[in-house]
Amino acid sequence: MTDQKQANNPLHGKTLETVLTALVDKYGWPELAYRIRINCFLTDPSISSSLKFLRKTPWARKKVEDLYVAAFAK
């Protein structure tokens with residue numbers, strides 16, 4: 001039953017790093033910072049520093065995941 005729930009989850013099997021890297025590749029840091037207003041995207045952005053922040057901040061992680069789903073899920 002769990003597999004059926006996950007089959008409809010576009011984030012299933014994707015790490016946060018994979019999600020963030022895909023968004024940076026698609027939008028670039030400036031556009032990503034415009035779409036999701038968080039300082040780790042605005043000031044000296046990097047995958048590493050952003051991952052640290054997103055892992056500690058559920059509301060920001062949700063925004064990143066929601067943007068990923070909107071951009072890549074079909």
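Just so it is clear, the values below take in all heavy atoms, side chains as well, and ignore hydrogens, waters and symmetry mates. Heads up: numbering here begins at 1 and tracks the sequence. Computed from a predicted model, the values in this text were never measured in an experiment.
Nearest approach of D44 to S49, heavy atoms of both residues: O-OG, 4.3 Å. Closest heavy-atom contact between R37 and L42: NH1-CD2, 4.2 Å. Contact between L54 and V64 at its shortest, heavy atoms only, is CD2-CG2, 3.8 Å. Of all non-hydrogen atoms in T57 and W59, the two that sit nearest each other are CG2-NE1, 3.0 Å.
Donor-acceptor pairing under 3.5 Å is lacking for the side chains of T18 and T21.
C40 is not listed as a side-chain neighbour of W29, based on a closest heavy-atom distance of 4.5 Å or more. Two residues are said to be in side-chain contact when any heavy atoms from C-beta on lie closer than 4.5 Å; L20 and F41 meet this criterion. Counting only heavy atoms from C-beta outward, the side chains of Y27 and I36 never approach each other to under 4.5 Å. Within the 4.5 Å cutoff, the side chain of F72 has no heavy atoms near those of the V19 side chain. Counting heavy atoms from C-beta on, the side chains of L51 and R55 come closer than 4.5 Å.
In the hydrophobic clustering of this structure, I47 groups with L16; members are Ile, Leu, Val, Met, Phe, Trp, Tyr whose side-chain heavy atoms approach within less than 4.5 Å, directly or through other members. V24 and Y34 are members of different hydrophobic clusters when ILVMFWY side chains are connected at heavy-atom separations under 4.5 Å.
Of the inter-residue distances, the one linking K26 atom NZ with L67 atom CG reads 9.0 Å to the nearest 0.5 angstrom. For the atom pair CZ (R35) and CG (L23), the distance works out to 9.5 Å, reported to the nearest 0.5 Å.
For the pair K14 and Y68, the cation-pi criterion (under 6.0 Å, within 45° of the ring axis) is not fulfilled.
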